[in-house]
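Here's the structure we're looking at; comments come further down.
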Amino acid sequence: MTTEANSSLHFIRQIVADDLKSNKHNGRVVTRFPPEPNGYLHIGHAKAICLDFGMALENNGECHLRMDDTNPVKEDVEYIDSITADVRWLGFDWGKHFYFASDCFGQMYDACEELIRKGKAYVCALSQDDWKDYRGAPPAPGKESPWRNRPVEESLDLFHRMRAGEFADGTLCVRARIDMASPNLHLRDPVIYRILHSDHPHTGDKWCVYPTYDFAHPLEDAYESITHSLCTLEFEVHRPLYDWVIDNLDHLPSRPRQYEFARLNLTYTVMSKRRLLELVQEGRVNGWDDPRMPTICGMRRRGYTPESIRNFAEVIGVTKYESLTDVALLEHCVRNDLNLRAPRRMAVLNPLKLVIDNFPEGQTDEFDAVNNPEDAAAGTRKVKFSRELFIERDDFMENPPKKFFRLAPGQEVRLKYACLVKCTHVVKNDAGEIVEVHCTYDPASRGGNSPDGRKVKGTIHWVSAPHAIKAQVRLYDRLFTVEDPMAQAAAEGKDYRDYLNPHSLEIVTGLCEPALADAQPGDRVQFERIGYFSIDPDAQPGKLAINRTTTLKDSWSKMTEKA
RNA sequence: UGCCCGAUGGUGUAAUGGUAGCACAACUGCCUCUGGAGCAGUUUGUCUAGGUUCAAAUCCUAGUCGGGCAACCA
C-alpha cells in the first residue's frame, strides 16, 4: 500500500535535512530505537520506531535496535524476544546493528573512572533521603554533599571497591560534579553509577554496579556513532546532562545530539507500561496480546496490518506538542488498507432462519461470488445455496420504519450473489419471538439480477444452513468508555479502571460460508456488511476463532441512533 | 514555586514573512449486488494584548492556558 500521507517535512526531518546540507555528520544519518526490555511494545513505541527507522531509511542511513538494559532490577529476557519480533513484524530491519547497552558496561565503567580522575565525579555516601534535602527544591540552590571534595584517589578507591562488591545497595554512589545551584535539578550532581546486587538478564553476575540512564544513554549513542538520538519530550530537561557527559569525556568516537518529540496518546485507551502491566496482571484482559490492548502484539492479533500502523504513524505527524489522537484515525488507516486487500466472505453473527418455500427441499444451488470488488485479480468463488438459509436478525423487521431497505413482510430484498426473495410470513414461538422468516424467490433472478429491471434497494448477506460452518467470533470494542481514562479519573477522583468498557469483548457463535474452512491463523477477511476480521492463532482445524479488527462504517446504525 | 517546552477547526497536522491547506470526524447529495467502497460538496481554526513590517500563524515583548522535571527508573 502506498502511503496516503503527504510526508510532511516535520521538524525532525527538517533537522536531519539541515544537518545533511551542512555536512554536520559527514552525510551520515544513524538513529536508534532503544527500548528498555521491561515491557511489551505498544502503538506509542510504533510511532517512535517508524520515526527512528524512517529517518534512517529515508536518508540512506542506519537504525540500530538497542536494548537499554541498565537496570537489572526491572528487566527480563522475556521481553527481548517480543521486542525484536514486534519491530520485525512492523517491517523494519536493523541488519547487524542489534546491541545491548550492557555490552558497553566495561567502557562505561572506564568512562566513570575518567570523570572521577578528572575531578568531575565523586563517590558520595549520602543516603537517598539526605540527598533529597541536599539537592533542594527549585527556587533555592542545593547544598553541596560533604563528599563532594573527597580526594580523587579516595573516590577512585571506593569506586573500585563498589565494583568489587564490598558495599551494600544504596550505601554509596557516584555523582557527577556539576552545579548544585543549577535551576535544572538534573544538573545538581546527578547519580551516574549505583550499586545493585542483582543478576542482570544479559551480563549475569558480572557486575554489581550499574550506570544510570542519564550517564549510559549518551555514551551508548556515542559508542554507536548515533547522529540523531530521538526521544520523547520528558527527556528535554535531561539534554543539558546528556551534553555534559559527551562534553566531559575524551576519546568518544562521535558527538551525538538528542532531539525530543511528543509521545503518542490515543483516545479510549491507556498507554503507560505500568497501566498496561496492571491490566494484564489483574486479569482485566487476557494477556499482553489481548486484541483490546494497544500493544503491537495485541494489534497484530486483532488483525491490524503493519502497513496500516506505519501509515498511521506517518499521518499523525511528529511535533513537540502533546496531543490526544482520535482512535478513529487508526481505525480509518486499517480499513483503508484492508479494504483493498481483504477477501470478502459472508458470515451471519446473529442468525435468523430464512426458509424459501418455493425452493425444492434437499436441492443445492451454487453461485459465483466476487472475492474482492476492489481487486479483480482476487477472482471469484462458489457459494452454496439451499432452501434453508440464515440471515442476520437485524436484516429483518416485522414492522419496519420508512427507510428500512431490508427484509420485512411483503418486502423484497436481494440475497447477495444469489437471488431476489420476498417475505410472505413469519413463524413465531410461544414467547412471540420470530423463529423463521418465510419467503418465495424469483427463479428469474438467478445470480441476484433483477430480470425486469425492478428496483431492489436492499442487498443482504446470508449463509446456507446445511453448509454453514460455526466459528467463535470475538467482537472487540474499545477498552475504555471515555476518551481519556487517566485524565477523567484524575478530574473525577476515580480510578482509570472505573472506565473499563464492560462490553469490550462479546463472544458469539457465527455461521460462516464454507470457504472459511481453509482460513489460516492470521488471515484477514471482510465479512460483508459487518467488518474486518482476523483468524486467531487459537483456531484449531475445524474449530475457528475469529477476531473482529474493526467494523465497517455503517450509516444505517447512525440513522437509527439519531432517531 | 524555579527551570524547560508548547499553543492553527471537534481531532491530528501543513503553511520555513506573501491566497490559512490536507487528513480524520460530522453533515448534504450522487452512485452502488456490501446502507461497505467510491465520487462531489458543506460546516468549523491561527490563545490574548501590544510591537516590528508594505505584509505576521510565522519575528519581538508581555500575559493566559497546557505539558514536562524535582527515582540511586527509563
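Below, chains carry the letters A, B, ... as their sequence lines are ordered, and counting in each starts from 1. Small disclaimer: the values here were computed from a predicted structure and weren't measured.
Inspection of the D221(A) and Y242(A) side chains reveals an N or O donor paired with an N or O acceptor under 3.5 Å.
A residue-by-residue look at D214(A) and G448(A) shows that G448(A) has its nearest nucleotide of RNA chain B further toward the 5' end.
A donor-acceptor pair is defined here as one N or O able to donate and one able to accept, closer than 3.5 Å; such a pair exists between the side chain of H200(A) and the backbone of D69(A).
At A37(B), one or more side-chain N or O atoms of K553(A) fall inside 4.0 Å of OP1 or OP2 (strictly under the cut-off). Between S555(A) and G36(B), a side-chain N or O to OP1/OP2 separation shorter than 4.0 Å is present. Within the structure, a side-chain polar atom (N or O) of K558(A) is placed less than 4.0 Å from OP1 or OP2 of C27(B). Distances shown here put a side-chain N or O of R135(A) below 4.0 Å from the OP1 or OP2 atom of A71(B). Here T319(A) does not reach the OP1 or OP2 of G12(B): none of its side-chain N or O atoms lies under 4.0 Å away. For the pair R529(A) and A37(B), the criterion of a side-chain N or O lying under 4.0 Å from OP1 or OP2 is not met.
With sequence neighbours excluded, the residues forming a side chain to side chain donor-acceptor pair (under 3.5 Å) with Y99(A) are H97(A), listed by chain and number. By the side chain to side chain donor-acceptor pair (under 3.5 Å) test, Y304(A) is found to be paired with no residue, residues two or more places apart in sequence or in another chain being considered. In this structure N372(A) satisfies the side chain to side chain donor-acceptor pair (under 3.5 Å) test together with R344(A), sequence neighbours excluded.
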Symbol by symbol from the 5' end, with Watson-Crick or G-U pairs under 3.5 Å, [ ] crossing and | another strand, RNA chain B is (((((((..((((....[..)))).(((((.......)))))....(((((..]....))))))))))))....
Next item on the list: Show your reasoning for whether ring-ring contact (aromatic ring centres under 6.0 Å, His included) applies to H217(A) and Y213(A).
Entry: CA-CA 6 Å; H217(A) 210 85; Y213(A) 167 87; 4.8 Å; yes
Protein-proximity profile, nucleotides 62-68 of chain B, B/S/- by nucleotide at the 4.0 Å heavy-atom cutoff, equals -----SB
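More than 12 heavy atoms of other shown residues, nucleotides or ligands fall within 6.0 angstrom of atom CZ in R454(A).
Contact annotation for S557(A): no contact, since no heavy-atom pair falls under 4.0 Å across all strands. Residue-level contact check: P35(A) touches neither bases nor backbone, having no heavy atom under 4.0 Å from any strand.
For G35(B), the base has a donor-acceptor partner in the side chain of R406(A) [N/O atoms by modelled type, under 3.5 angstrom].
Heavy-atom distances under 4.0 Å link RNA chain B to C173(A), P183(A), L185(A), H186(A) of residues 172-186 of chain A, given in residue order.
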